[in-house]
Structure formats: structure tokens, C-alpha cells
**Student:** 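Before I ask anything, let me first share the structure, which is written out below as C-alpha cells.
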Amino acid sequence: MVEPWSPFAYLVTNLARFVRPREVTFSGVNSSLPMLACMLAKRAYDFAFTYINVAGGVDPEPSSVPISSSDPVLAEKSAAIFANEDFYDLCTRGRMDLCFLGAAQIDGRGRTNVSAIGDWHDPKVRLPGGGGGAVMLPTARRSCTWRTEHSTRTLVETLDFVTASGGPAHGGMYGVVTPIAVFVHDGDRLALDSWHPDTTVDEVVSRTGFAVDTSRAHPTAPPTDAERAALRALDPDGAFERDTKIRS
Amino acid sequence: MVEPWSPFAYLVTNLARFVRPREVTFSGVNSSLPMLACMLAKRAYDFAFTYINVAGGVDPEPSSVPISSSDPVLAEKSAAIFANEDFYDLCTRGRMDLCFLGAAQIDGRGRTNVSAIGDWHDPKVRLPGGGGGAVMLPTARRSCTWRTEHSTRTLVETLDFVTASGGPAHGGMYGVVTPIAVFVHDGDRLALDSWHPDTTVDEVVSRTGFAVDTSRAHPTAPPTDAERAALRALDPDGAFERDTKIRS
Amino acid sequence: MTGTFVSLSELAARVKDGDSIALGGSFLHRGPFALVRELIRQGRTDLEIIKQSPGYDIDALCRAGAVGRARTGIVAMEGNFGLAPYYRKAIETKAAELEEHACATLTAGLRAAAFGVPFQPVGGLDGSALPELNGWARIDDPYGSGRGAYVIPAITPDYAIIHAPEVSPNGDVRVLGTPHWDRIMTRAAKKVLVVAERVAPLESFQERPEITLVPGFMVDAVAVVPGGAWPGSCFPDYEIDYPAVERYLTDTDEAFAAHLAAAPEAEEAVRG
Amino acid sequence: MTGTFVSLSELAARVKDGDSIALGGSFLHRGPFALVRELIRQGRTDLEIIKQSPGYDIDALCRAGAVGRARTGIVAMEGNFGLAPYYRKAIETKAAELEEHACATLTAGLRAAAFGVPFQPVGGLDGSALPELNGWARIDDPYGSGRGAYVIPAITPDYAIIHAPEVSPNGDVRVLGTPHWDRIMTRAAKKVLVVAERVAPLESFQERPEITLVPGFMVDAVAVVPGGAWPGSCFPDYEIDYPAVERYLTDTDEAFAAHLAAAPEAEEAVRG
């Protein structure tokens with residue numbers, strides 16, 4: 001019997017799969033899932049890449065997995081402190097390969113809203129703000145985001161506010177992972193790349209607020225033994241899984 | 001009998017006298033005399049000031065006096081490394097009180113040429129270039145310079161090239177020291193402030209290429225015992241005095 | 001030169017109603033939280049908060065009604081706590097005004113101030129609604145590259161206020177691990193105030209001067225407050241006190257009062 | 001990741017005729033002088049030299065006819081040696097072209113490249129003839145302060161080449177004392193080459209990561225050349241060899257050849 005692929009594990013694993021050999025990959029504040037994804041990639045994949053994070057760490061060897069994705073433990077055993085100004089400049093000068101950036105709403109072009117629900121000037125919900133997004137999304141070579149809720153509230157036809165968008169080189173988020181699907185940008189729009197084997201294309205489409213091309217989609221490849229083992233090692237007692245409020 | 005006041009000692013001592021309590025004072029590359037002046041001021045004057053230098057030192061306690069005014073010894077016992085970008089930014093944002101800046105030619109307005117003798121594009125002599133001058137002279141609160149030759153070649157009516165000039169706040173060099181005189185800017189032009197007791201106002205005027213107001217000038221106050229003792233301690237065997245090629 | 005050491009209450013008293021303050025650290029890490037609480041105790045109002053990623057600090061200040069304006073990039077409690085509830089309420093009710101930045105645009109404004117120039121170009125922002133919202137100008141490259149850049153106006157806080165594990169007797173500031181945004185804040189602000197865990201011997205600074213983040217001559221005053229970054233972390237001394245953050249988030253006046261009273265500096269604050 | 005360690009000759013071979021190279025250090029201090037000499041031995045020509053305060057390096061390169069263009073702030077041998085004679089001759093005879101900067105305008109151009117923007121405002125320059133000479137544009141503050149600033153176009157060296165006392169096995173670079181302009185050079189350049197005195201244990205970097213100037217992932221290749229900053233200093237290892245500088249300045253081809261042959265890396269260079 002195959003172990004079920006929990007929404008949490010699906011998210012972390014598919015975020016990790018965006019990491020590529022020899023590249024520079026970044027995770028920031030408020031980003032526990034990308035942090036876990038980068039740590040999973042380091043453990044599970046048989047290639048080298050540079051992992052930098054908002055704690056200043058460069059390929060750190062944290063003694064524990066912190067709740068806060070900006071925790072100083074993420075710089076343990078780092079041989080350098082590559083701090084905020086440095087990694088932002090790295091990104092704006094075009095040397096950041098992959099950025100994980102948060103989003104509240106995502107539209108079909110891969111743009112994001114992290115600012116407000118409702119009118120910005122009279123918000124129904126004031127959101128955290130985009131952090132690095134407005135500067136990093138247009139300048140990083142690729143950016144990926146995630147949502148723990150796959151719904152027409154989060155994947156929308158029209159953003160309430162465009163916090164971050166794509167730059168001259170690309171159209172927005174390269175990849176989006178939800179508890180049931182993985183989207184990849186086709187240069188014009190986000191297209192369905194794969195769906196959780198326990199769901200269907202129809203369900204993904206019906207729960208997505210923007211029109212989505214599914215013509216090249218396929219069921220997501222199940223987690224490898226190495227991916228499962230890595231995630232188990234990172235979250236042995238399931239604390240992160242419990243803390244991640246997923247609406248799937 | 002009073003010990004003679006050598007041109008070298010006159011230069012160093014009168015540069016030191018521009019240092020004021022509680023201020024931030026800077027010496028840079030190619031600036032042995034200002035370096036000695038700052039070290040003299042630390043030893044001879046009964047007030048505190050912050051001495052920063054191009055070696056990154058902040059109030060250092062050098063174990064020896066280096067030939068190069070950018071030598072790492074000038075950061076010994078410093079509690080911080082305040083490096084190039086930092087001290088330039090300090091200056092351009094208006095927090096540098098006193099800068100010592102080199103010059104080849106100085107005009108009556110206190111502007112400097114450190115670029116070329118003759119036409120810049122077809123120079124008779126290509127000079128070192130102004131280093132910090134063009135940015136620091138307009139932005140430091142006060143700047144001072146020195147020449148080891150007091151002549152109509154160095155203190156000129158017309159610069160061959162304007163490397164550095166004054167900013168909106170002031171007209172150029174605040175102070176100029178030569179082997180025989182001290183000039184201070186009166187807001188409009190450099191005026192004679194004092195002359196070496198062994199020379200005369202007439203000699204100073206005749207050897208100065210620009211018109212100079214002498215109406216408030218007086219003989220330079222002789223070196224104090226503390227100033228003499230400090231310079232003796234800094235240059236016990238007269239090596240700096242010999243190395244300083246003075247044409248007086 | 002000798003550093004100026006004062007009590008926490010004296011340090012806070014330097015900040016006046018309506019001042020703009022850049023707060024060091026990020027989210028729950030190494031923030032000048034003792035000073036923030038002392039500003040609340042002293043009843044400060046109409047503060048302008050400048051920080052790329054505030055959280056507990058701006059939330060507590062909003063809860064106390066001390067904030068007039070926020071210039072921020074991302075605001076959250078982080079960890080598992082989500083949004084900063086009192087900040088959110090202050091913005092939604094318009095009790096406080098928000099100038100929404102990307103973290104890097106706030107940094108650009110601080111860089112302009114630190115560099116002594118009126119504006120600073122910044123990369124990115126293409127397609128974002130933030131430039132129009134904030135009235136940021138786009139300037140074409142005068143050198144004909146065909147590229148342009150948005151420029152951010154200089155941001156000059158009245159005070160940069162940072163928390164550090166160690167200061168020297170001369171007020172030199174040492175930080176271990178990431179400096180977050182503290183470096184550029186201390187260069188951009190008119191004055192620098194520091195809360196430190198402890199005074200370390202001058203010799204330890206002289207041995208490794210490269211680590212010193214702020215030389216003493218740039219520091220206006222220091223208050224030594226052990227544990228002052230509580231309930232946040234101060235590397236390498238202590239980690240986040242998550243239960244204390246959770247208690248802070250209890251939505252009653254009593255809980256907030258109890259939280260302020262439980263802070264490490266509370267005893268001194270009562271004395272002061 | 002493991003650093004890429006190569007011989008000095010291989011390191012130099014990465015730089016091609018016509019490339020622009022930013023050289024670390026200042027005057028006779030911690031310059032990548034072994035690499036500079038190796039470029040001379042390999043007969044490189046038409047190089048663009050970018051450095052705020054070059055001296056021995058640019059002088060030797062001019063002496064060998066390797067320089068096509070200089071972008072510099074101040075050029076001198078320093079100490080008691082005065083002007084850099086072969087640099088001076090190269091400019092006066094127009095063998096090399098000069099783009100004269102203030103140190104801070106060169107830094108501004110490097111900052112533009114490091115920040116990913118086409119131009120960078122810089123303070124000062126009021127009344128200087130340099131902006132007109134270089135065609136630098138002045139831009140008014142679009143935010144109505146009435147202030148303006150000259151802006152410097154981005155300067156993106158093909159290579160930043162620095163000398164450091166220590167690298168880690170992963171190519172992390174540690175510098176003690178002032179970094180001079182090495183930080184901004186390594187952020188502005190397309191690629192970073194490093195000459196190091198020695199490889200130090202990774203653990204020593206992990207103990208004090210704050211001191212690391214360049215993380216290994218930014219470094220293209222490293223050559224280990226003990227004494228490579230000769231005849232200059234490399235803090236904390238050795239001081240300037242003034243007699244060697246004096247011998248270098250002897251104006252004969254033989255003296256220059258003897259100088260190159262006497263360099264610490266000469267044996268390896270012969271082998272390589």
C-alpha cells in the first residue's frame with residue numbers, strides 16, 4: 001500500500017522540485033514551506049545548489065528546523081553572512097536563479113496580491129504586504145509561490161491589487177504549488193503542469209478562478225523514497241504538518 | 001634660544017590646528033602630512049575628536065607611524081573598520097566635519113587641480129587625479145589642503161583644470177597650509193590667516209599667484225611644547241622630515 | 001571618546017511624539033523591543049515607523065495607539081502567528097496611515113539618505129501598482145541604454161533604534177549573524193540609539209574590528225537591557241519565547257498590561 | 001559546493017585581451033599583484049583597468065603595454081614614490097585612454113551595476129570640471145526638494161580580481177582590516193577571481209561568518225599564491241617591501257624583467 005501524499009507533503013515536495021542544480025535559490029521571511037523545500041532538496045537530491053536565506057545563511061547546516069523561516073538557526077555553519085542588502089542586490093542585478101515569494105491572491109498571468117483584500121485605500125483585510133515581491137518577482141530568473149488553499153479566492157481572475165508582477169524577461173510567477181496542483185508559467189499565463197493523483201483535472205479547474213490551459217498536464221509524479229525520507233527527517237513528529245493550516 | 005620651526009614641522013603643526021573638539025576628521029591616501037597632523041592632534045591637544053582614516057581605522061593606536069598614509073597599521077587597535085564606502089557616504093550625507101584632501105594647484109577661491117598640468121586632453125604632466133576631492137570638497141563641512149611648495153606654480157590665479165570645487169555650503173578649501181603660510185577661506189576667497197614668523201607678509205604675497213587679502217593676518221603662533229613633543233615622538237629620527245621634499 | 005550610556009527610560013525619552021523611527025531587526029528577531037515597550041509606557045503618539053519587516057514591534061505600538069504612520073515592506077508576527085492583528089486593525093480603521101513599500105524600495109530610500117542624494121534608483125517594480133500608489137517617478141537612463149528605473153525619495157528617520165548583543169565601553173556596536181537592515185538604517189538616520197544585552201571589553205572589539213556594525217562615534221546613546229529583545233530572539237543569546245508571544249496576542253487590555261509588566265526591563269522601567 | 005582552485009597562469013588565462021578588470025586593494029596594499037604580473041607575462045593587451053586608487057598595478061601594466069583604458073580616481077605609487085611613472089607616460093603619450101573619476105563616482109558606477117540599475121546618483125561634484133569632461137548628466141529631484149544629483153552610468157567590469165589572505169576550501173573569501181573597494185567590485189563585476197595567500201579550514205569561516213567578504217558561490221576561481229601581493233602589503237601577513245618597489249622603478253627593461261623574475265609567484269609561473 002502506498003502511503004498517502006498529504007497536502008502538506010505535496011506542497012513541500014513540489015516546491016522542492018523547482019530547485020535546479022548549480023543554481024542560487026532563496027527563501028525569505030514568512031516562508032516555512034519554501035524553507036522546508038530548500039532543506040528537503042539539499043537532503044533528497046543528488047546535485048549541488050546554493051541555498052541562501054533571509055537569516056544570512058549560505059548553505060547552512062541548521063541544528064534544528066525553526067518555526068520562523070528567518071530564524072538565526074538558518075545561518076548555522078554558514079561560512080558567510082549574506083545579508084539582506086546583499087541578496088536583494090544579487091537579485092536585482094540578475095543573479096538570483098530562484099526566489100520563493102509569498103502571495104495571497106495569484107492571477108492567471110502569475111501576478112500577485114499580498115497587499116489588501118478589497119480596495120487598497122479602504123481594505124476589507126489589510127494583508128502583510130509583499131516584502132521582496134515587487135522587486136524580486138520581476139528581477140529573479142524564476143520565482144515560485146504557494147498557497148495552502150486552492151480556491152477561487154486565492155487563484156483569481158482579477159487581483160484586488162497588483163503587488164508584484166513580471167518583468168521584461170518573464171510574465172510573473174514561474175511556478176505555483178497548491179495542495180492539489182502545480183502550475184507552471186508558459187510565457188503567457190500559468191498553465192496546469194500536474195495535479196495531485198488523488199484529485200482530477202476537473203476539480204483543479206473548477207477550484208481555479210482563472211482560465212487555465214490543462215492540455216499538457218499530467219498527474220504529479222509521486223514522492224520518491226528520498227523525498228519522503230527527507231521530509232520525515234525534517235518534520236519527524238509532524239509539527240510543521242500540523243502547524244500548516246491547509247484547506248484542501 | 002628658540003628651536004627653529006622647520007617647514008616640515010610648520011606644515012604638520014598648522015594642519016593639526018584645524019582639528020576641532022568632538023568633530024570627525026579624516027585623512028586619506030597619499031596624505032602623510034595630514035596623517036601626522038591627526039596623530040599630532042591626538043597627542044598634543046587636550047580634547048577628544050574622532051580620527052578616521054582610509055585604512056578603516058577609527059581612533060586607532062598605531063604601533064608605528066607608516067610611510068604610507070593608507071597602511072593597515074593605521075587601523076591597529078581600532079574597534080571598528082570604517083571602510084571606504086562608509087566614510088565617503090558619511091561625507092556626502094553631511095556628517096564629515098574635516099577632510100584633508102590633496103591638491104597640485106589651488107586658486108584664490110579655494111578650488112583645486114589634481115588632474116593635469118596643461119590641457120587635460122594633451123597634458124604636459126598627467127597628475128594623480130583628485131581621489132575623493134570632487135565629491136568630498138563640496139560635501140564635507142570643512143576641507144583643508146597643503147602644499148610643500150609655496151609658489152605661483154602651486155597657488156595660482158587660474159587652475160589648468162578644476163578637479164574639485166566648493167559646494168552650495170561653502171566656496172572650497174577652508175584652510176591651506178604651506179611651508180610659510182596658513183590661508184583660511186573667508187566665505188568668498190582664501191585670505192592670509194598667518195605667516196611663518198621667519199618670513200614676511202610681502203614674501204608670502206609675492207610667492208602667491210592669486211590676489212590675497214592680508215588685512216587680518218598675523219604671525220603664526222609658535223609651536224607649543226606639546227606640539228613639539230608630539231611631533232618629536234612621531235618622527236623621532238627625522239625620517240618623515242627628510243622624506244618630505246619641501247621647496248621653501 | 002566614551003560612549004553615552006543612559007537608562008532605558010532616558011533613551012526612550014529622546015524620541016518625541018511625531019518622530020520617525022527606524023527599528024532594527026526583522027519580525028521576532030533582534031528587534032529593539034524593550035525600547036518599543038518603553039515608548040508605549042511613556043505614552044508616545046503619532047510615531048512614524050520605518051522598517052522593512054516589522055511585526056511584534058509595530059503591532060504593540062499600534063495596540064497602544066502610538067503609531068501615526070507606517071512605512072513598511074511586510075508586516076506579520078511570523079512563525080505560526082500570521083498577521084499582526086493590531087497593526088492590521090490600525091490600518092483598516094485608518095487610525096494609522098500606511099506607505100506600502102517593497103522591502104527593497106524602503107532600503108532604496110534609506111540608501112538615498114545614507115548616500116546624501118535626493119533619490120535612489122531601484123531595480124524591479126515592473127507592473128506593480130506600488131509606484132502609482134506612492135507616486136514614484138520612473139527615470140529613463142540618460143546614457144541611452146533604453147533602460148530606466150523607478151527612483152525612491154530619500155527616507156531619513158529621526159532615529160535608527162537597534163538592539164545588539166554587545167557594545168564596547170565606547171559605544172561601538174557588534175552584531176552576530178545577519179545585521180538584517182540595521183546597517184543601512186544606522187547610516188540613513190539622523191541619530192542612532194542602541195539597546196544592548198551587555199558591555200563587552202574594548203579589547204574584544206579591537207581583536208575583530210571587522211565585525212563591528214556601527215562605530216561608537218555614530219551612536220548617540222546606549223541603554224544596557226539584558227533580555228531586551230524579548231519576546232523575540234537575540235542571537236546568539238536567546239531564542240524566541242513563543243508562549244510569551246501567544247500570551248501577548250490574547251485580546252484583552254489585561255493581557256497587554258500583563259505582557260508589558262512581564263518584560264525583562266519592566267523592573268527598571270518602574271524604577272525609572 | 002566546492003571552490004574552483006586553479007594555477008595562477010590558468011587564473012590569468014581567463015582574462016582576455018580587451019577585457020575590463022576591477023583590481024582590488026589600494027595603492028601598495030593588498031592588490032592582486034601576482035595576477036597582474038601574470039597578465040604581463042602572458043602578454044595581455046588592451047585591458048580596461050577599473051580601480052579607485054591603483055598604483056603599482058596599473059603602472060606595471062602600462063609599462064608592459066597591456067592597458068587600453070583606465071577608469072580611476074587617483075593614481076600614484078604612494079609612500080615617498082610620488083607619481084606612477086609608466087602610467088603617467090601612457091596617458092601623456094595617449095598610449096592609454098583615461099576616464100578620470102573621483103573615487104566616489106567610480107564607486108557610484110559600480111554600485112549601479114551591483115544594484116542592477118542603469119545609473120547611480122552621487123553626492124558632490126559641484127563646480128568640478130569632471131562631469132562635463134565625462135558627460136555626466138545632472139538629474140533634478142523629481143520629488144521637488146529643489147536638490148539634484150549627478151548620476152553615473154553603471155560600470156560592470158568583466159572581472160573583479162582581488163587578493164585575500166584566506167579562502168575556505170569552498171572559495172569563501174576572508175579579508176582582515178579594510179576591504180578597500182573590494183566589496184563593491186565583487187558585487188559589480190560579471191565574474192570574481194581571487195588570489196589568496198592560503199586556504200584556511202572551513203571551520204574557521206563558520207566560526208566567524210560575519211567577516212567573510214565574498215561567499216564562495218560568487219567566486220569563479222581561486223589561485224593560491226603565497227606572497228602574491230608583493231611588493232605590496234597583505235594584512236596581517238606582510239608589509240610593503242619598499243626596496244623592491246624602488247628597484248621596480250629603475251627605468252630599464254632589465255630592471256623590469258628582474259622585478260618580474262624576483263616575484264614570489266615567478267617559479268610557479270615558469271612551471272605553468
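Chain A is the first sequence line, chain B the second, and so forth, proteins listed ahead of strands; every chain is numbered from 1.
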**Student:** Could you tell me whether a side-chain N or O of E210(C) sits under 3.5 Å from a main-chain N or O of G177(D), the two making a donor and an acceptor?
**Tutor:** yes

**Student:** Please check if the side chain of D182(D) supplies one atom and the backbone of G25(D) the other of a donor-acceptor pair under 3.5 Å.
**Tutor:** yes

**Student:** Mind checking the CG-CZ spacing from L23(D) to F33(D)? Nearest 0.5 Å is all I need.
**Tutor:** 8.5 Å

**Student:** Could you look at I152(C) and say if it's the side chain, the backbone, both or neither that has a heavy atom under 4.5 Å from chain D?
**Tutor:** backbone

**Student:** Which residue out of S145(C), P153(C), G135(C) racks up the most heavy-atom pairs below 4.5 Å with chain D?
**Tutor:** P153(C)

**Student:** Do the ring planes of W136(C) and H101(C) sit parallel (below 30°), tilted (30 to 60°) or perpendicular (above 60°)?
**Tutor:** tilted

**Student:** Rounded to the nearest 0.5 Å, what separates atom CD in E78(D) from atom OG in S53(D)?
**Tutor:** 8.0 Å

**Student:** Between V151(C) and chain D, with a heavy-atom cut-off of 4.5 Å, which part of the residue counts as in contact: side chain, backbone, both or neither?
**Tutor:** both

**Student:** If I measure from the heavy atoms of chain D, does Y143(C) come under 4.5 Å with its side chain, its backbone, both, or neither?
**Tutor:** side chain

**Student:** For each of P118(C), A149(C), G116(C), G123(C), tally heavy-atom pairs with chain D at distances under 4.5 Å, and name the one with the top tally.
**Tutor:** P118(C)

**Student:** So which part of P209(D) gets closer than 4.5 Å to some heavy atom of chain C, the side chain, the backbone, both or neither?
**Tutor:** neither

**Student:** Please determine, among A112(D), A154(D), A108(D), G148(D), the option with the most heavy-atom pairs under 4.5 Å with chain C.
**Tutor:** G148(D)

**Student:** Measure the spacing between CG of D141(C) and CZ of F119(D) and express it to the nearest 0.5 Å.
**Tutor:** 6.5 Å

**Student:** Counting only heavy atoms closer than 4.5 Å, note whether L213(D) contacts chain C via side chain, backbone, both or neither.
**Tutor:** neither

**Student:** Take atom CD in E48(D); do more than 12 heavy atoms of anything else shown fall under 6.0 Å from it?
**Tutor:** yes

**Student:** Between chain D and each of P179(C), A104(C), G124(C), A137(C), count heavy-atom pairs under 4.5 Å; write down the option with the most.
**Tutor:** A137(C)

